[in-house]
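Single-structure report; data block below.
Owing to the predicted nature of the structure, the values given are computational and were not obtained by experimental measurement. As the structure lists them, so they are numbered: ligands from 1, and atoms in each ligand from 1.
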Amino acid sequence: MPRNATTPARAQFDQLQASVKRCRLCEESLPLGPRPVLQIDPRAKILIAGQAPGRRVHETGVPFDDPSGDRLRDWLGVSRETFYDPTKIAILPMGFCYPGTGKSGDLPPRPECEKAWRRQILQHLDRLELTLVIGKYAQDWHLPDIKKNLTETVRAWKTSDAGVIPLPHPSPRNNLWLKKNPWFAKSLLPELKRATQAALRAQL
Ligand code: SF4
């Protein structure tokens with residue numbers, strides 16, 4: 001097969017990605033309408049499994065292009081260039097479109113995404129070396145055996161499957177959580193940086 005030829009698996013993936021971009025499955029529940037925001041490529045070595053886009057991300061179409069993203073890149077020790085390279089890092093929230101806001105912040109991710117798309121996409125991401133599971137919704141899905149609250153789940157990060165690290169959301173709204181849990185910066189973040197660099201090196 002010529003070097004640049006599209007394989008059947010790649011063609012299937014491209015078709016899937018195009019279908020996701022056109023999705024209007026739960027548009028009646030979305031206050032600003034559908035705009036799936038995700039970054040995927042079958043060559044990705046790291047998966048960032050998050051919650052759902054916020055309003056700002058809905059407007060820009062760029063995931064984590066905000067203070068939360070700045071902090072997350074700092075936690076990982078990666079540049080914006082690396083972060084937004086889909087052949088290195090996949091960003092796949094539990095819900096792909098902005099779900100709206102309730103009394104205490106953004107609403108939960110729309111459940112339709114998981115059944116319609118997310119499982120299929122994950123089947124194509126078969127080169128992952130590291131999965132970062134951010135926030136309770138993603139942790140409930142990716143770490144179903146850990147029936148703990150977010151703090152306990154993150155604190156028990158050493159007991160997670162190899163290659164899976166639970167994280168709190170890097171939002172400035174979690175500054176108090178970070179202050180109350182100094183072990184996170186002291187023991188988890190150095191390991192997170194090390195695991196990130198190891199996974200990126202596996203790209204070579
Ligand atoms: S949230 Fe998911 S299921 Fe709903 S319209 Fe967006 S991509 Fe489709």
Could you tell me whether the side chain of Asn175 and the main chain of Pro172 form a donor-acceptor pair under 3.5 Å? yes

Who pairs with Thr60 by side-chain hydrogen bond (donor to acceptor under 3.5 Å, both in side chains), at least two apart in sequence or on another chain? none

Protein N/O/S atoms closer than 2.8 Å to atom 4 (Fe) of ligand 1: Cys26 SG

May I ask you to check whether Phe184 and Trp157 place their ring centers less than 6.0 Å from one another? no

Would you call the rings of Trp177 and Trp183 parallel, tilted or perpendicular, where under 30° means parallel and over 60° means perpendicular? perpendicular

All side-chain hydrogen bond (donor to acceptor under 3.5 Å, both in side chains) counterparts of Asp41, not counting sequence neighbours: Arg10, Arg43

Please identify each residue that fulfils salt bridge (charged side-chain N to carboxylate O under 4.0 Å, His left out) with Arg118, with sequence neighbours left out. none

